[in-house]
Every structure is written in structure tokens, then in C-alpha cells.
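Right, one structure below, let's go through it.
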Amino acid sequence: AAQLAKQVVTQRIKEAERNIIYNEYKEKEFDIITGTILRKDKGMVFVNLGKLEGVIGPNEQIPNEEYKFNEKLKLYIVEVKNGSKGAQIHVSRTHPGLVKRLFEFEVPEIFEGIVQIKSVSREAGSRTKIAVQSIDEKIDPIGACVGPKGSRVKAVVDELGGEKIDIINYSEDPAEFISAALSPSKVEKVEINEEEKTALVVVPDYQLSLAIGKSGQNARLAAKLTNWKIDIKSVSQMQAEMEAIKNVQDVDFVEEDIELQAQDADMDSENIDLDAE
């Protein structure tokens, strides 16, 4: 009976300890944690997070990033579950939230809420776009994120292994926001369709490849950032399309004119028949 009572007490203590650890890490969900790499196994990377061991899945690893034993990494906690063996932590290096939290650490204005990150789109290991807005007119949101001599954005880029980061101004005006989102490309005109939430963007001929980006990356990130479907065309493409539409309209007009003339001819022939009668 004493042995059984001891086992029950020990089990309850372990359960209480597991719940304490779970609650501790649950509070850190959607936040950044520093982990130490322990090992790699079957594409999974296991990291020491202090009281628990976390796992970086294959889809949560930055492409071509090397994970060396005992190396320290900043990780984004995507989810904390309470399983039968205690807390299970799902961490990521590719989540857009990682970029957002890194900027909060590096930029005091973001941490204080003066500068707000309105949207983030990311292709991990390659490029990220973030849209920022300042609630204080005296503070430039892009300048605050870049920092003196680019020190703040450089710290984030270095942590992400050289990933390129575009920082743009957020705008409530969709046309203005979409135009900024396609940075570094210049935009001539943006036509908005509110109902279908689509945008036609016209760019100079020499800027078309820059606006679309390598393998369509710039356009894809801009669409994710703004949450609008974006169609990009060059000035010459638009002119060619307008010319084609005009030619079709001219042909239609000529056909209508021919039909009218044919109708007039029919009426004339009917009048001749009536006169003959």
C-alpha cells in the first residue's frame, strides 16, 4: 500500500511538473525562442529549448541553411501541444512571424507600437516584403526599420542568413499600396477592380522583368502582401491591346455600316418593285 501510494504521488508530481512546463511554453506561443541544435535525423532538426526539446520539420527549415551541432538559432514557436508525454513544441525558421518578431526586437519604435507592421509576405531563404505604418507623423516607418546606416535591418538579415528584405509604406489606398508593394519596380498606372479584388498594373517596358521578378517572385510576394490578385503589363503591351481592341471595334463598325447599306439596298429594291406594280 505504501509503495502504491508512493507511485501515485510520484505520478501526480510528474503530471504537475509537465503542466507547469506546458503553461510556461504556451505563454511563449507565437513568439521567438533561442534554441541550441542537438542533432539531425531523417530530415528533422532537434533543438534544445531549455526545459524541453523542440523539432524543426523539413518544411520549417530555410532552404540551404546548415544546422550545425551546438549552434544557437532564433526560432518561432508556431504551436505548443500538451501530449501524453508532456508539452510538444513546433518551431519554425520559415514562418513570416519570425521576421516580424525579429524586427520587434531590433526596432524600439515597433516594440513600443509607434511603428506597426501591417503585413508580411515571405519566401524563406530568398526574399521578404514587409509593409509598415507609423502612427506618429514625425517618425518615418521605413527609416526606423532600416536604422542608422542600415544597422537594424542588417541584424535581421544576418539572423536569416542573408535573406533580402524589402520594407515598404503601407497605405489604405489599394492602388498606392500595390504600387509600393512592387518595389523596387516603378509603376506607371494601377487600375483597381474592387468587386473581384484584382489589379491591373502598368509598368515601363524596361521595368517589366524587375516588376515580375525572378520566376515571378516579386509579383507573387506583392500579391501575398496586399492580398490582391495582380496582373502586370508593360506600356507597349497595353498599347498593343488597346490597338487590337480599336481594330476590332472598327471592323464591327464597318460590318454594321455594310449591314445598313444592305438594308437600304433592300428597301430601294422593294420601292422599285412597288413602282413597277
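For this chain, numbers begin at 1 and follow the sequence in order.
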Residue pair Cys145 / Val153, side-chain heavy-atom distance below 4.5 Å: no
Heavy-atom side-chain proximity of Lys129 to Lys164 below 4.5 angstrom: no
Distance-minimising heavy-atom pair for Leu52 and Ala87: CD1-CB, 3.6 Å
Flag side-chain contact, heavy atom, 4.5 Å: Ile130 against Asp166: no
From Asn193, Ile192, Asp231, residue fulfilling side chain to side chain contact (heavy atoms under 4.5 Å, CB included) relative to Thr198: Asn193
Nearest non-hydrogen partners of Thr226 and Ala181, listed with the distance: CG2-CB, 3.7 Å
Stepwise side chain to side chain contact (heavy atoms under 4.5 Å, CB included) test for Thr34 and Leu73: CA-CA 6 Å; Thr34 301; Leu73 282 178; over 6 Å; no
Side-chain heavy atoms of Val187 within contact of Val190, under 4.5 Å: yes
Separation between CD1 of Ile230 and NZ of Lys224, rounded to the nearest 0.5 Å: 12.5 Å
Check: Ser126/Glu163 side-chain N/O donor and acceptor closer than 3.5 Å: no
Charged N-O contact under 4.0 Å between Glu106 and Arg101: no
Other residues, nucleotides, ligands: >12 heavy atoms within 6.0 Å of Lys28 NZ: yes
Lys51/Glu24 salt bridge by N-O under 4.0 Å criterion: yes
Validation row: Phe103, Ile117 side chains within 4.5 angstrom (heavy atoms): yes
Side-chain donor/acceptor of Asn218 to backbone N/O of Ala211, under 3.5 Å: yes
Inter-residue atom distance Leu221.CG - Arg127.CZ, 0.5 Å rounding: 7.5 Å
Pairwise side-chain contact, Val115 with Ile135, heavy-atom cut-off 4.5 Å (strictly under): no
Donor-acceptor contact below 3.5 Å, side chain Arg122 vs main chain Val99: no
Distance-minimising heavy-atom pair for Gln61 and Gly43: NE2-O, 2.7 Å
Arg152 vs Glu109, salt bridge (charged side-chain N to carboxylate O under 4.0 Å, His left out): CA-CA, chis, key distance, verdict: CA-CA 12 Å; Arg152 291 174 178 176; Glu109 290 87 347; 3.1 Å; yes
Candidates Glu29, Glu60, His95 - the one meeting side chain to side chain contact (heavy atoms under 4.5 Å, CB included) with His90: Glu60
Flag, side chain of Glu15 to backbone of Arg12, donor-acceptor distance under 3.5 Å: no
Ser234 side chain vs Gln237 backbone, donor-acceptor pair below 3.5 Å: yes
Side-chain heavy-atom pair Val203, Val201 within 4.5 angstrom cut-off: yes
Donor-acceptor under 3.5 Å (Asp140 side chain, Gly143 main chain): yes
Parallel, tilted or perpendicular: ring planes of Phe30 versus Tyr76, cut at 30 and 60 degrees: tilted
Straight-line distance of Asp205 CG to Gln239 CD, nearest 0.5 Å: 7.5 Å
Hydrophobic cluster membership, Ile89 vs Leu75, 4.5 Å side-chain cutoff: yes
Contact summary for Ile168 and Ala180, nearest pair of heavy atoms: CG2-O, 3.4 Å
Thr10, Val8, Leu4 screened by side chain to side chain contact (heavy atoms under 4.5 Å, CB included) with Lys6, the one that passes: Thr10
Approximate separation, where rounding is to 0.5 Å, of Gln217 CD and Ser121 OG: 9.5 Å
Leu225 with Ile178, same ILVMFWY side-chain cluster at under 4.5 Å: no
ILVMFWY cluster, Tyr170 and Ile110 together (side-chain gap under 4.5 Å): no
Pair Glu188-Gln207, side chain to side chain contact (heavy atoms under 4.5 Å, CB included): steps then yes or no: CA-CA 10 Å; Glu188 291 281 327; Gln207 293 273 298; over 6 Å; no
Reported NZ-to-CZ distance for the pair Lys40 and Phe69, which is rounded to 0.5 angstrom: 14.0 Å
ILVMFWY network linking Val132 to Ile139, side-chain heavy atoms under 4.5 angstrom: yes
Residues, nucleotides or ligands: over 12 heavy atoms within 6.0 Å of Lys74 NZ: no
Closest non-hydrogen atom pair between Ser185 and Leu210, with its separation: CA-CD2, 3.9 Å
Side-chain heavy-atom pair Ile21, Tyr25 within 4.5 angstrom cut-off: yes
Side-chain ion pair, Glu195 and Lys197, N-O less than 4.0 Å: no
Chi angles and distances behind the side chain to side chain contact (heavy atoms under 4.5 Å, CB included) call for Asn169, Gln133: CA-CA 6 Å; Asn169 277 316; Gln133 184 182 44; over 6 Å; no
Check ion pair Glu17-Lys14 (N to O, under 4.0 angstrom): no
Separation between OG of Ser92 and CG of Asn59, rounded to the nearest 0.5 Å: 9.5 Å
Glu159 and Arg93 ion-paired at < 4.0 Å: yes
Val47 reachable from Ile77 in the ILVMFWY side-chain graph, under 4.5 Å edges: yes
Chi angles and distances behind the side chain to side chain contact (heavy atoms under 4.5 Å, CB included) call for Ile37, Val45: CA-CA 7 Å; Ile37 295 173; Val45 179; 4.2 Å; yes
Aromatic Tyr22 / basic Lys26 pairing, under 6.0 angstrom, 45° off normal: no
Minimum heavy-atom distance Arg220-Ser215, with the two atoms named: NH1-O, 2.9 Å
